[in-house]
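Report on one structure; see the data block that follows.
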Amino acid sequence: MSTLFFILALISVAWGIATSIMITSFLSKRGIKINYLLFRLLIFKYVRQYRKITMEETGKPGPLFYSFITAWNLALLFAIVGIILKITNL
């Protein structure tokens, strides 16, 4: 059973990575320089910039913002549940 949650966590991670790439593509099209060398360190900065730009354009955060938050929270949740199930041998 724990394997199922680890697989779901990996799927959520892939979803989060894909969303991160879409966010940086969005920012790049608007003239913001993306540092791909430090991408993992700067992704939260890019998400914040994406949110700010979409808030200015539409009055609310864009859908990729919510997708990013949801994906990484689900990955964390599934990983924790998988670890708990593995420890308790369920």
(message) Can you pull out every salt bridge (Lys or Arg N to Asp or Glu O under 4.0 Å) where at least one residue sits in residues 57-77? Sequence neighbours excluded, please.
(response) Arg30-Glu57
(message) Please report the interatomic distance CD1(Ile69) to CG(Leu64), rounded to the nearest 0.5 Å.
(response) 11.5 Å
(request) Scan residues 69-80 for pairs that pass salt bridge (Lys or Arg N to Asp or Glu O under 4.0 Å), counting only residues two or more places apart or in two chains. (result) none
(request) Sequence neighbours left out, what passes side chain to side chain donor-acceptor pair (under 3.5 Å) with Ser67? Give chain and number order. (result) Trp15, Thr19
(message) Is there a continuous path of hydrophobic side-chain contacts, each under 4.5 Å between heavy atoms, that joins Val13 to Val81?
(response) no
(request) For Leu74 and Ser12, work out which heavy atoms get closest and say how close. (result) CB-OG, 3.7 Å
(message) Under 4.5 Å side-chain heavy-atom separation, chaining through any Ile, Leu, Val, Met, Phe, Trp or Tyr, what else clusters with Ile7? Say none if it is isolated.
(response) Ile11
(request) Can you sort out the partners of Trp72 under side chain to side chain donor-acceptor pair (under 3.5 Å), two or more places apart, ordered by chain and number? (result) none
(request) Answer yes if Ile21 and Tyr66 sit in the same cluster of Ile, Leu, Val, Met, Phe, Trp and Tyr residues linked by side chain heavy atoms under 4.5 Å apart, and no otherwise. (result) yes
(request) Without swapping roles, check the side chain of Thr54 against the backbone of Pro61 for a donor-acceptor pair under 3.5 Å. (result) no
(message) Determine whether the aromatic ring centres of residues Tyr50 and Phe65 are separated by less than 6.0 angstrom.
(response) no
Which side-chain N or O atoms in residues 32-48 pair as donor and acceptor under 3.5 Å with protein atoms at least two apart or in another chain?
{"unit_1": "Asn35", "atom_1": "OD1", "unit_2": "Leu37", "atom_2": "N", "d": "3.0"}
{"unit_1": "Asn35", "atom_1": "OD1", "unit_2": "Leu38", "atom_2": "N", "d": "3.2"}
{"unit_1": "Tyr46", "atom_1": "OH", "unit_2": "Asn35", "atom_2": "N", "d": "2.8"}

(request) Please list, chain by chain and in numerical order, all residues satisfying side-chain contact (heavy atoms from CB on, under 4.5 Å) with Phe6, sequence neighbours excluded. (result) Ser2, Ile83
(request) Using ring-ring contact (aromatic ring centres under 6.0 Å, His included) as the criterion, list what pairs up with Phe5, not counting sequence neighbours. (result) none
(request) Would you mind listing the cluster partners of Met55? Hydrophobic ones only (ILVMFWY), side-chain contacts under 4.5 Å, chaining allowed. (result) none
(request) Apply side-chain contact (heavy atoms from CB on, under 4.5 Å) to Ala79 and list each qualifying residue two or more places apart in sequence or on a separate chain. (result) Ala9
